[in-house]
K.L.:
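I am attaching a structure below and will ask some questions about it afterwards.
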Amino acid sequence: MDSKKGSKAPGSPDVEYFFNSAPPLKGRVQTSQKLKEFVEKIVRSSESGRPIRVVCVTSGGTTVPLEQRCVRYIDNFSSGYRGATSTEYSCFFYKNGCVSIIFSNFRGSCQPYCRYLPHDSFLELFDIAEDSTIKVCESHDTVVKRSIKDYRKAVEEGLLLKIPFTTIFEYLQILQMVATSMNCLKSLGMFYLAAAVSDFYVPWENMVEHKIQSTEGPLDMRLTQVPKMLSVLRKDWAPSAFCISFKLETDPDILLQKADMAMQKYSMHIVVANELANYKKEVTVVTSRGKTKVCSHGKDHDLEAELVDLLVDRHFEHIKKCGSEANGA
Ligand code: PAZ
């Protein structure tokens, strides 16, 4: 949207422009410190003979603010279920203790270890006992205990670090920080980029400060293309990490072709292709070796179980391959 007269929108997508013109990330110093401590702890464990894999899972949508003092924004449909569920399965398939997850998620989207809790109302979880204390309803007792236990274990053992974002500016600044912190882990790092990231945005300097007024008539918007950060992640931020991106389309006729293109263009190791109409029931794992369909087998079965199992195997192969390359094999 060209609402600030005289300011120049960049003619082409540009990574440097994006980062230089983005509003500073709130809490950058604290986030960077937390990341540093998290990764250092992992490196220490790896040095003492217990190689730990680190998976950065991105999850949920991103918003594109339309005003600097944001009242309105562009959003998307992503619930964060895939990222949250995959986080839990990753802990399972790598075997607890052998993987740490950096879970970067859209604020308010699904969280790991919460998927068995009721979605409708938080208040339905609780009852007031006769002595006026609050207790969990008997019907939810088992799932609540299990969620608390699994979640606390993951956090206390340093296996889960959550870094939330809301806007596209925050998402990409955080991804850059996480990726550069994980670079030292080389092939032990994996990126599982399930977040639905906006392809278009309004550069901060072109954005009006105050709420857009309807009295000014119809709204003409010009959105700039978000630079393709996947290439930067692969080439500069964490070149040895194992990278999986997701591709969502609504038109089944172009889905696999777009996934192939994404794999080649951004040098992804794997692209997981899914179609909006059935993304909870079926995905296609696209690799240079071919395509594999992964399906859900019913209402109570998450396809993420098979998906993560397959991806963990591929990550181990990648680690092995990088190890033999480093040893000149
Ligand atoms: O978050 P969710 O479980 O509702 O949806 C997951 C998904 C469809 C956003 C994910 O599988 C995906 O395809 N992410 C990438 C979307 C894209 O930018 O193409």
K.L.:
Show me the donor-acceptor pairs, under 3.5 Å and distance only, between side chains in residues 173-184 and residues at least two apart or in other chains.
P.N.:
{"unit_1": "Q173", "atom_1": "OE1", "unit_2": "R28", "atom_2": "NH2", "d": "3.4"}
{"unit_1": "Q173", "atom_1": "NE2", "unit_2": "P23", "atom_2": "O", "d": "3.2"}
{"unit_1": "Q173", "atom_1": "NE2", "unit_2": "F169", "atom_2": "O", "d": "3.2"}
{"unit_1": "T180", "atom_1": "OG1", "unit_2": "Q176", "atom_2": "O", "d": "2.8"}
{"unit_1": "T180", "atom_1": "OG1", "unit_2": "M177", "atom_2": "O", "d": "3.2"}
{"unit_1": "S181", "atom_1": "OG", "unit_2": "M177", "atom_2": "O", "d": "2.6"}

K.L.:
Tell me if a side-chain donor or acceptor on R234 pairs with a main-chain N or O of S267 at a distance below 3.5 Å.
P.N.:
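Answer holds: yes.
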
K.L.:
Over all heavy atoms of both residues, which pair between S59 and G80 is shortest? Give the atoms and the distance, please.
P.N.:
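Scanning both residues, the minimum pair turns out to be OG-O, 3.1 Å.
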
K.L.:
Any side-chain heavy-atom pair from V294 and V285 closer than 4.5 angstrom?
P.N.:
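Counting from C-beta outward, V294 and V285 do come under 4.5 Å.
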
K.L.:
Could you check if a side-chain atom of T62 sits within less than 4.5 angstrom of a side-chain atom of T167, using non-hydrogen atoms only?
P.N.:
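Side-chain contact under 4.5 Å: no.
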
K.L.:
What about Y171 and F106, are their ring centers closer than 6.0 Å?
P.N.:
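No: the rings miss the under 6.0 Å criterion.
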
K.L.:
Check this for me: K291, atom NZ, are more than 12 non-hydrogen atoms of other residues, nucleotides or ligands nearer than 6.0 Å?
P.N.:
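Yes.
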
K.L.:
Going by atom types alone, do S245 and Y266 pair a side-chain donor with an acceptor below 3.5 Å?
P.N.:
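Short answer, no.
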
K.L.:
Looking only at heavy atoms, which two atoms of I319 and S187 are closest? And how far apart?
P.N.:
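For I319 versus S187, the nearest heavy atoms are CG1-O, 3.4 Å.
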
K.L.:
Using only heavy-atom distances, determine whether the side chains of D131 and T133 contain a donor-acceptor pair under 3.5 Å.
P.N.:
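Note: D131 and T133 side chains meet the donor-acceptor criterion.
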
K.L.:
Please answer whether the main-chain N or O of Y113 pairs with a side-chain N or O of S147 as donor and acceptor at a distance below 3.5 Å.
P.N.:
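It does hold such a pair.
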
K.L.:
When you check the gap from the basic side-chain N to the acidic O, do E317 and R289 get nearer than 4.0 Å?
P.N.:
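Looking at R289 together with E317, the answer is yes, because their closest N to O distance falls below 4.0 Å.
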
K.L.:
Check whether L223 and L219 end up in the same hydrophobic cluster, where Ile, Leu, Val, Met, Phe, Trp and Tyr are linked by side-chain heavy atoms less than 4.5 Å apart.
P.N.:
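In one cluster with L223: L219, yes.
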
K.L.:
When rounded to the nearest 0.5 angstrom, what distance separates SG in C243 from CE in M263?
P.N.:
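One finds 13.0 Å between SG of C243 and CE of M263.
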
K.L.:
Is there a side-chain contact between F200 and T224, using heavy atoms and a 4.5 Å cut-off?
P.N.:
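The answer is no; the side chains never approach within 4.5 Å.
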
K.L.:
Distance-only, no hydrogens or angles: does the S198 side chain make a donor-acceptor pair with backbone N or O of V64 under 3.5 Å?
P.N.:
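Side chain of S198 to backbone of V64: no pair is present.
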
K.L.:
Closest heavy-atom contact between D302 and Y81?
P.N.:
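Distance-wise, the nearest heavy atoms are OD1-OH, 2.7 Å.
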
K.L.:
Are the side chain of D127 and the backbone N or O of A129 linked by a donor-acceptor pair below 3.5 Å?
P.N.:
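No; zero donor-acceptor contacts below 3.5 Å.
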
K.L.:
For the rings on Y279 and F77, is their centre-to-centre separation under 6.0 Å?
P.N.:
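Yes, close enough.
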
K.L.:
Flag the pair R314 / I270 as yes when at least one side-chain heavy-atom distance between them is below 4.5 Å, and no otherwise.
P.N.:
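Side chain of R314 against side chain of I270, heavy atoms only: contact under 4.5 Å found.
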
K.L.:
Nearest 0.5 Å, please: how far is CZ in F19 from CG in L172?
P.N.:
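If we round to the nearest 0.5 Å, L172:CG and F19:CZ are 5.5 Å apart.
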
K.L.:
Under the criterion side-chain contact (heavy atoms from CB on, under 4.5 Å), I'd like the reasoning laid out for F103 against L161: C-alpha separation, chi angles, the key distance, then a yes or no.
P.N.:
CA-CA 6 Å; F103 180 71; L161 176 67; over 6 Å; no

K.L.:
Just wondering, are more than 12 heavy atoms of other shown residues or ligands nearer than 6.0 Å to CD in E209?
P.N.:
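Yes, the 6.0 Å shell around CD holds more than 12 heavy atoms from other groups.
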
K.L.:
Checking N20 side chain against E16 main chain: does a donor-acceptor pair fall under 3.5 Å?
P.N.:
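Between the backbone of E16 and the side chain of N20 there is a qualifying donor-acceptor contact (under 3.5 Å).
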
K.L.:
What distance separates E156 CD from Y151 OH, expressed to the nearest 0.5 Å?
P.N.:
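So the CD of E156 and the OH of Y151 are separated by 9.5 Å.
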
K.L.:
When you look at Y192 and S86, which way does the side-chain hydrogen bond (donor to acceptor under 3.5 Å, both in side chains) test go after all the steps?
P.N.:
CA-CA 9 Å; Y192 182 93; S86 303; 2.7 Å; yes

K.L.:
M261, V226: one ILVMFWY side-chain cluster at the under-4.5 Å cut-off?
P.N.:
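In one cluster with M261: V226, no.
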
K.L.:
Between H140 and E124, is any side-chain donor less than 3.5 angstrom from a side-chain acceptor?
P.N.:
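Note: H140 and E124 side chains miss the donor-acceptor criterion.
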
K.L.:
Ignoring hydrogens, what is the shortest heavy-atom contact between S45 and I52? Give both atom names and the distance.
P.N.:
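The pair with the smallest heavy-atom distance is CB-CD1, 3.8 Å.
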
K.L.:
Does D141 use its side chain to pair, donor to acceptor, with the backbone of V136 at less than 3.5 Å?
P.N.:
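No, because the side chain of D141 does not come within donor-acceptor range (under 3.5 Å) of the backbone of V136.
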
K.L.:
Can you tell me if Y17 and E205 form a side-chain donor-acceptor pair at under 3.5 Å?
P.N.:
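Indeed, the side chains of Y17 and E205 share at least one donor-acceptor pair under 3.5 Å.
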
K.L.:
Return the minimal non-hydrogen interatomic distance between I212 and E67, and the atom names on each side.
P.N.:
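Smallest interatomic distance, heavy atoms only, reads N-OE2, 3.0 Å.
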
K.L.:
Taking all heavy atoms of N105 and all of S109, pick out the closest pair and write down the distance.
P.N.:
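Closest approach of N105 to S109: ND2-OG, 3.6 Å.
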
K.L.:
I148 vs V144, test: side-chain contact (heavy atoms from CB on, under 4.5 Å). Steps then yes/no.
P.N.:
CA-CA 6 Å; I148 295 175; V144 170; 3.7 Å; yes

K.L.:
Tell me whether F18 shares a hydrophobic cluster with L230, the cluster being built from Ile, Leu, Val, Met, Phe, Trp, Tyr side chains joined at under 4.5 Å.
P.N.:
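Yes, same cluster.
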
K.L.:
Can you find a pair of side-chain heavy atoms, one from K281 and one from L303, that are under 4.5 Å apart?
P.N.:
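With C-beta onward as the side chain, the pair stays apart.
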
K.L.:
Inspect the surroundings of CZ in R146 and state if more than 12 heavy atoms from other residues, nucleotides or ligands are less than 6.0 Å away.
P.N.:
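Result for CZ/R146: open.
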
K.L.:
Less than 4.5 Å apart, any side-chain heavy atom of T284 and any of T292?
P.N.:
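T284 vs T292: side chains apart.
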
K.L.:
Once you round to the nearest 0.5 Å, how far does SG of C56 lie from CG of L185?
P.N.:
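Those atoms lie 11.5 Å apart.
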
K.L.:
Run the numbers on K228 and D199 for salt bridge (Lys or Arg N to Asp or Glu O under 4.0 Å), then give the verdict.
P.N.:
CA-CA 8 Å; K228 300 296 181 198; D199 287 326; 3.8 Å; yes

K.L.:
I would like to know whether R82 and N274 meet side-chain hydrogen bond (donor to acceptor under 3.5 Å, both in side chains); could you show each step before the answer?
P.N.:
CA-CA 12 Å; R82 174 143 293 147; N274 49 185; 2.7 Å; yes

K.L.:
Determine whether I163 and V29 fall in the same hydrophobic cluster, where Ile, Leu, Val, Met, Phe, Trp and Tyr are linked whenever their side-chain heavy atoms lie under 4.5 Å apart.
P.N.:
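Per the 4.5 Å side-chain linkage, I163 and V29 are not co-clustered.
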
K.L.:
Could you walk me through whether L256 and V286 pass side-chain contact (heavy atoms from CB on, under 4.5 Å), step by step?
P.N.:
CA-CA 8 Å; L256 295 179; V286 179; 4.2 Å; yes

K.L.:
Hey, are K247 and D260 close enough for a salt bridge, meaning a charged N less than 4.0 Å from a carboxylate O?
P.N.:
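No, this pair does not count.
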
K.L.:
From I101 CD1 over to R53 CZ, what is the distance, rounded to the nearest 0.5 angstrom?
P.N.:
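So the CD1 of I101 and the CZ of R53 are separated by 12.0 Å.
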
K.L.:
So does K26 pair up with E170, basic N to acidic O under 4.0 Å?
P.N.:
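Result for this pair is no, no salt bridge flagged.
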
K.L.:
Rounded at 0.5 Å granularity, tell me how far CD in E157 sits from CG in L159.
P.N.:
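Atom-to-atom, E157:CD and L159:CG are 5.0 Å apart.
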
K.L.:
Between H269 and I244, is there a side-chain heavy-atom distance shorter than 4.5 Å?
P.N.:
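Not in contact.
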
K.L.:
So, does T63 use its side chain to make a donor-acceptor pair with the main chain of P65 at under 3.5 Å?
P.N.:
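Checking the backbone N and O of P65 against the side chain of T63, no donor-acceptor pair under 3.5 Å is found.
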
K.L.:
Strictly distance-based, threshold 3.5 Å: is any side-chain N or O of S104 a donor or acceptor partner for the main-chain N or O of T58?
P.N.:
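It does not hold such a pair.
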
K.L.:
Apply the test side-chain hydrogen bond (donor to acceptor under 3.5 Å, both in side chains) to residues Q68 and H210: give CA-CA distance (whole Å), side-chain angles for both, the deciding distance (0.1 Å), then the verdict.
P.N.:
CA-CA 7 Å; Q68 289 183 349; H210 292 285; over 6 Å; no

K.L.:
Quick one: does NZ or CZ of K135 land under 6.0 Å from the six-membered ring centre of F126, within 45 degrees of the ring axis?
P.N.:
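Not flagged: K135 not positioned over aromatic ring of F126.
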
K.L.:
Are E40 and K36 within salt-bridge range, i.e. N to O under 4.0 Å?
P.N.:
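Judged by the 4.0 Å cut-off on N to carboxylate O distance, E40 and K36 do form a salt bridge.
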
K.L.:
For the residue pair H318 and F242, categorise the inter-ring angle as parallel (less than 30°), tilted (30 to 60°) or perpendicular (more than 60°).
P.N.:
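Tilted.
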
K.L.:
Are L233 and V39 connected in the hydrophobic side-chain network, where two residues link if heavy atoms are under 4.5 Å apart?
P.N.:
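Yes, one cluster joins them.
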
K.L.:
Do L66 and V202 have side chains that approach each other closer than 4.5 Å (heavy atoms only, starting at C-beta)?
P.N.:
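Heavy-atom side-chain distance check passes, below 4.5 Å.
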
